[in-house]
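In what follows, a structure is listed as structure tokens, so that the remarks can point back to it.
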Amino acid sequence: DLSGKVIGFSQIGSESGWRAAETSVTKSEAEKLGVDLKFADAQQKQENQIKAIRGFIAQGVAAILIAPVVATGWEEVLTEAKEANIPVILLDRGIDAPQDLYLTSVASDQVKEGRVAGEWLVGAVGDKECKVVELQGTVGSSPAINRKQGFEEGIKGHANLSIIRSQTGDFTRAKGKEVMEGFLKAEDGGKGICAVYAHNDDMAVGAIQAIKDAGLKPGSDILVVSIDGVPDIFQAMVAGEANATVELTPNMAGPAFAALDAYLTDGTQPEKFIITESKLYTPKDDPQGEYDRRKGLGY
Amino acid sequence: MKRVHWKAALLRPQFVALAAVLLINWLLFPGFFDITLQDGRLFGSVIDVLNRGAPVAILAIGMTAVIATKGVDLSVGAVMAIAGAVAAVLVTGGASGLVAVVAALAVGVLCGLWNGVLVTYLEIQPIIATLVLMVAGRGLAQLVTEGSIVTFSDPVLIFIGTGALFGMPMPIVIAAVLAIGATLIVRKTALGLLIEAVGVNRSAARFAGISSGLLLMVVYTFAGFCAATSGLIVAGDIRGADANNAGLWLELDAILAVVIGGTSLLGGRFSIPMSVVGALIIQAMNTGILISGFSPEFNLVVKSGVIILILVLQAPLVAQALRKRFMAERKA
Amino acid sequence: MVEGAEPVVQARGIVKIFGQHRALDGVDFTVRPGEVHALLGENGAGKSTLIKILTGAYQPDGGEVVLDGAAVRFSDPLDAQRHGIGTVYQEVNLLPNRSVAENLFLGHQPTRFGIVQRKVIEARARELLAGYGLEIDVRAELGSYSVAVQQIVAIARAVELSGKVLVLDEPTASLDRNEVAKMFEVVARLKARGLGIIFITHFLDQVFEIADRVTILRNGKLIGTKALSEVTATDVVRMMLGKDLAFDHGGVGVAEAVQGPVRVEFKSLGRQGKVAPFSLTLHEGEVVGVAGLLGSGRTEMARLMFGVDSADGGEITVGGKVVSIRNPAQAVAAGFGFCPEDRKLDGIFGELSVRENIIIALQAKLGWFRALNRDEQNEIAGNYAEALDIRAADYEMPVKLLSGGNQQKAILARWLAIDPNFLILDEPTRGIDVGAHAEIVRTINRLREEGLALLVISSELDEVVAYSNRIVVMRDRAMVAELSGADIAPSVIVAAIAENPGVPV
Amino acid sequence: MNRALRPLVATTAIFALAYLAAILQFPAMFSTRVLGNFLTDNAFLGIAAVGMTFVIISGGIDLSVGAVIGFTTVLNAVLIMWLGLHPLFAFAISLMVAAAFGAVMGAAIHYLKVPSFIVTLAGMFLARGGASVLSPDSIGIKHELYTTISKSYILLPGGGRLTVIGMIMLLVFVFGMILAHRTRFGSYVYALGGSEVSAGLMGVPVARTTILIYTLSATLAGLAGIVFSLYTSAGYSLSALGVELDAIAAVVIGGTLLTGGYGFIAGTFIGVMLQGLVQTYIVFDGSLSSWWTKIVIGGLLFLFILLQRLVFSAAAPRRKVFWKT
Ligand SMILES: Nc1ncnc2c1ncn2[C@@H]1O[C@H](COP(=O)(O)OP(=O)(O)OP(=O)(O)O)[C@@H](O)[C@H]1O
Ligand SMILES: Nc1ncnc2c1ncn2[C@@H]1O[C@H](COP(=O)(O)OP(=O)(O)OP(=O)(O)O)[C@@H](O)[C@H]1O
Ligand SMILES: [Mg+2]
Ligand SMILES: [Mg+2]
């Protein structure tokens, strides 16, 4: 029983709607279980996360949840936690460190997310020639790298699909729109583009507006596929302007707390990697219902 | 005589740089200068440069005045986020678009006043004074939106971001009106001269009877107003207030635009139109990078390369050498 | 002076061009060891420019500098210092943010293992300044001391550095008689040691007191070099101006001049710890001189009147009406003008043009929305610049490029442009040449005749006597005497200042 | 007391009071563990802030430090992991590259007369861009030396750790204090901040000093980068984002004037510790949302500056009356 336990949660920041949802879901899960959650926002900086973890250790918390901003650089501080006998659980991203330093990692498979998106597109266009433009996430961030890789794997072997342009949209709507505008101009007003793949929904929402401004119809003239499953993309689906999204659940904390509970009560070692589902949603999957379900989650 | 002046003005490094960047864009992408009419709205890459450059240009207008007083305003990016957040939350809460716009601008003015008080009456150095709002402001914006992107469908806000007047996208219209208006106000009244005087020597300005305190307040407030305007445009553009990302790091672009435009960070002489040109250079460069198909890893390197080039061209030593060269050629 | 000795430093055919303006045009100049060589000329004649070339701060556009018989090219002042040339530049060019000791030894601090030996420096600094009769805390910031102290420190520094040549560009402008005398003692000692000394000043009596030879510049051209034994003061002035000077020092009758109605009245204005409450009435067409020793509180009094510092109590009446003056803007609105003592810090807008510097106060008075257009500006600036004979190649050039004296005139022009009814001049003739000096005295008299009320602070008694209808004397931050009529004479003023003097320098 | 020392004393007092208040609320904050963490966690910031202090005292600003830190971590990682160099060798190369980078910026500032704000802003873009060109994704560094260093620390009573990088920072501060207050170079830096023209006329080698200042700052940023790579055992192009602003804030909180000419290295140390204190406090509190964290950090920054401002104006420069006793 976790009730009354102090658990530290080092969150990356609040750079996107999805992350805000993850934070609020984690908080509400903690509340449900009666956990005293110590929340620390790292403002996108690893050094702040390390500081926070050290602070948690000094405070003597019962366990630590980390949503690591990068994969590297955790060994030292996790060793410290281990020496202090504090179990650590990773949320939504993995790290490069010996596996004995953490209890478990609850995350999606980012490569798989990209692959699901790619495979959907392959299915959607069939044998037609299809030129794809890609809106990347922040250069160097692990979701950007993995989702790019996954998508490329997904469309591999289908010579009719090719990525003709790829730029970073920094995971934001505004940049997504701006970059898409550039693509549309550079590709003859968008006539050459058959689909846009965005590393997150926010950029996709921006791209949809750019496509509309250019006098084309997103969702039919240009297919839109993206990742995350935030409410606004379901709204776009309702309007017929988005074609597919791969959900990344913001509820990483639920499984994490469950694993922790089991471990603390009788020492049950959870699986090292708890992979969350990467579910594909298309307009067939009741987008309005999905929208309503997510609206209140803090996206 | 007149013609020579005109030519010399066009030979300013800023215009040369803008022309060069546009030319390179055209070489990279032959359709760069094509403009068509689309749904009653001009459409084309050049229009994109103007349209996308508008928020930074508007920031740069306010920033120019601040920098002319020997100050700097790091908070404009955060103020953009606050203004957008306030407008979005109001319209989603049922307020009319107009009310939201007025409220957002008022909040921007308030932020400017806050900075002004810190700089003028508490005599905190501008970088640090505005750093406070830069850090806290984004938090305030997120407080308003509770961390999420607040999407809206209010026609007034959307019109500000994506509408068009006589075929011109609204951001361009707003930026042009502000730039021309501010330039006229500053040059047709005594404000320009007084701002420069305060920037050059605040103590002497006091002795000369200039109410430099009030002037500084006005300048920072104006910068806040400009930032709020920019914030509305950015929010209207994506039909949502993204408190986390709206205006992120744009203060640096705005300062850069002002400096590229030739206004010294040490205060004094300033030119609003040239700052706008500075903003356009930056945007033309960004657009160029977008359509060039470079791998995004190179974006920053290309950008810094161009900046360095412009600054070198503008450096007093080099500029003098070039002018001599040009004079000699003309004589020959 | 060693007659016919080899010159220690020599300038040959120096040319310096700023833009289109020839600041120096083929100037020759020699300094022999063991002589004091005065360099004279009107404001803007090129004296400071010549000095800057001799000391490596500027590079000449033509001609050469010869040191001990060999042509040299100093890349920067440090280079010149290494060759034994020490300089006091015209504006106090030291570092107010550093300690007195550091200012004295910056650039050549003794070090051990790379660590500066602070104790040694401080001891030597104390010793050094004691030679000038200055006993101060050498660890305190230079900026915490008055301009006069700073000036002495600058001189001490230059003397320390000068193995061969010492250059003094208007070193005495802000010193009182006592300090000038001390400085001259030092100069005499150095001279005896065989140093060549270049001395720039606008005080002719000082020139005749210590200099051996004099070189005169006019408009960047060499007019001549003469031994002082061969010339009279009148000769020198004639050479400087190129014409005879009508400088009536008489001033008889001024004291008796009729007084108009009351213009401004200050009633028990004061500020705790700054100036004891004082009352003063100024009439139309009246000049009130303010005398007192350095630091007696004259500037402080003026600052209170002009609202730069706000008064604790008291009342100000202008033309019979009580006005509130809590900041300079209100003072300007009430028709006051103030030429501050420190023109670099509080006066000029260096980067702005001469035109803008002149019209700025008028514009501030008119407010933000009644802008003067360009033609009006040109006219106003042109008129006043001409009236005060401001020498500038072009009124659009930045005022910082003008010589010191011309900058001062530009500030005066600024205040005349607002057509003031009360004008405060704080040391208006500091650093101004004889010609301009006479000009300013004439201007003061003219303004009086036009009905203006003036308050003039000056350390030169002769001058105060020449134009004042009344004189108030300050001592220890209090107004201690008011003299008029026959009492307006140097001897009486000195007596009033000296009465129970708490001032052992 | 020397007037110039007052802001330093004020800052120290504010820090002590703030720490005391924090301890009263969270007694666990008074432990050698937390104190040790202050040093270790802020080591890179402290080292970079020392360089920044010199730059700011000289009247300039260096916006490139965060980017140089990021670039150095990547360069280190590339040299060690891809080229197989020994870390010490890699450190030497990194420091030299950083130094050269700083020297070029300093030269540009001096000779081209472009304000430092802009030159170093361009430098920031260049260093960040260069880092992402070298490697956009983060590279883990695995080397014995790294493990050894991270495993060696002095265990303080109470479980606190004085780590190698914490000690490096302390050494850098000592070095900085000596350099600033006890050498000719230091006095030149203050002189430039007082007035560049006067300094030049007084014989300060302006060009050389300017170049050296930015070289020093960049080199220390390079060292901070090495420390950062030791801290995280990785090289990442986006690491230390925005650290320049933290460093500037630390310097200013420490009582150095942005207008140049006045300041203390020791003050910067307190400034860094204060920032560490604020962050630790927020972690201990653990109830602030993302946005409240930002607002509180901004608010505390304001509070510290305000307090300091009050102390400072109470001690405003007054001309001394030497002729009176
Ligand atoms: N850096 C500069 N750029 C342009 N013009 C200059 C510059 N320095 C001086 N001048 C001009 O050169 C002339 C000579 O100036 P200088 O300062 O040598 O006069 P001065 O004889 O020292 O006068 P004063 O007695 O007023 O100090 C002046 O007309 C001045 O305006
Ligand atoms: N801005 C200032 N701030 C603080 N103290 C000042 C300031 N200006 C002058 N003082 C001090 O106030 C006292 C009165 O100086 P004030 O300048 O009024 O005397 P003064 O008679 O005008 O002498 P001076 O000829 O040096 O100007 C002196 O001790 C001086 O050092
Ligand atoms: Mg001179
Ligand atoms: Mg005075």
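None of the values given here were measured: they were computed from a predicted structure. The analysis underlying the following values was restricted to heavy atoms, covering all of them including side chains, and did not include hydrogens, waters or symmetry mates. Convention: sequence-line order gives letters A, B, ...; per-chain numbering from 1.
- To the nearest 0.5 Å, atom CG of residue Asn299(B) and atom OG of residue Ser132(D) are 8.0 Å apart.
- The nearest pair of heavy atoms linking Gly130(D) to Val301(B) is N-CG2, 3.6 Å.
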Please determine whether side-chain contact (heavy atoms from CB on, under 4.5 Å) holds for the pair Trp292(D) and Leu140(B), giving the CA-CA distance in whole Å, both sets of side-chain angles, and the decisive distance to 0.1 Å.
CA-CA 8 Å; Trp292(D) 277 111; Leu140(B) 287 172; over 6 Å; no

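- Interatomic distance, Ile248(D) CD1 to Gln125(B) CD, rounded to the nearest 0.5 Å: 11.0 Å.
- Across every non-hydrogen atom of Glu297(B) and Val133(D), the tightest pair is O-CG2, 3.6 Å.
- Taking both residues in full, the closest heavy atoms of Val132(B) and Gly298(D) are given as CG1-O, 3.6 Å, listed atom of the first, atom of the second, then distance.
- Of the two parts of Ile61(D), only the side chain, counted from C-beta on, holds a non-hydrogen atom closer than 4.5 Å to a non-hydrogen atom of chain B.
- Closest approach of Ala122(D) and Ser304(B) over heavy atoms only: O-CB, 3.5 Å.
- Note on Val252(D), Val296(D), Val114(D), Thr293(D): by heavy-atom pairs under 4.5 Å with chain B, the leading option is Val252(D).
- Atom CZ of residue Phe117(D) and atom CG of residue Leu256(B) lie 9.0 Å apart, to the nearest 0.5 angstrom.
- One distance of note links CD1 of Ile127(B) with CD1 of Ile56(D); it measures 7.5 Å at 0.5 Å rounding.
- Between the CG atom in Leu126(D) and the CD1 atom in Ile307(B) there is a gap of 9.5 Å [rounded to 0.5 Å].
- At a 4.5 Å heavy-atom cutoff, the contact between Leu252(B) and chain D is made by backbone and side-chain atoms alike.
- The residue among Ile260(B), Ile308(B), Ile255(B) with the most heavy atom pairs within less than 4.5 Å of chain D is Ile255(B).
- Nearest heavy-atom pair across Trp291(D) and Gly147(B) is CZ3-CA, 3.4 Å.
- Interface residue Leu112(D): backbone and side-chain heavy atoms are both found under 4.5 Å from chain B.
- When heavy atoms are compared at a cutoff of 4.5 Å, Leu118(B) approaches chain D solely by way of its side chain, counted from C-beta outward.
- Taken from CD1 in Ile128(B) to CG in Leu245(D), the straight-line distance is 8.5 Å, to the nearest 0.5 Å.
- Taking each heavy atom of Gly242(D) and Trp249(B) in turn, the nearest pair found is CA-CH2, 4.5 Å.
- Contact tally against chain D (heavy-atom pairs below 4.5 Å) for Leu143(B), Leu74(B), Val259(B): the top residue is Leu143(B).
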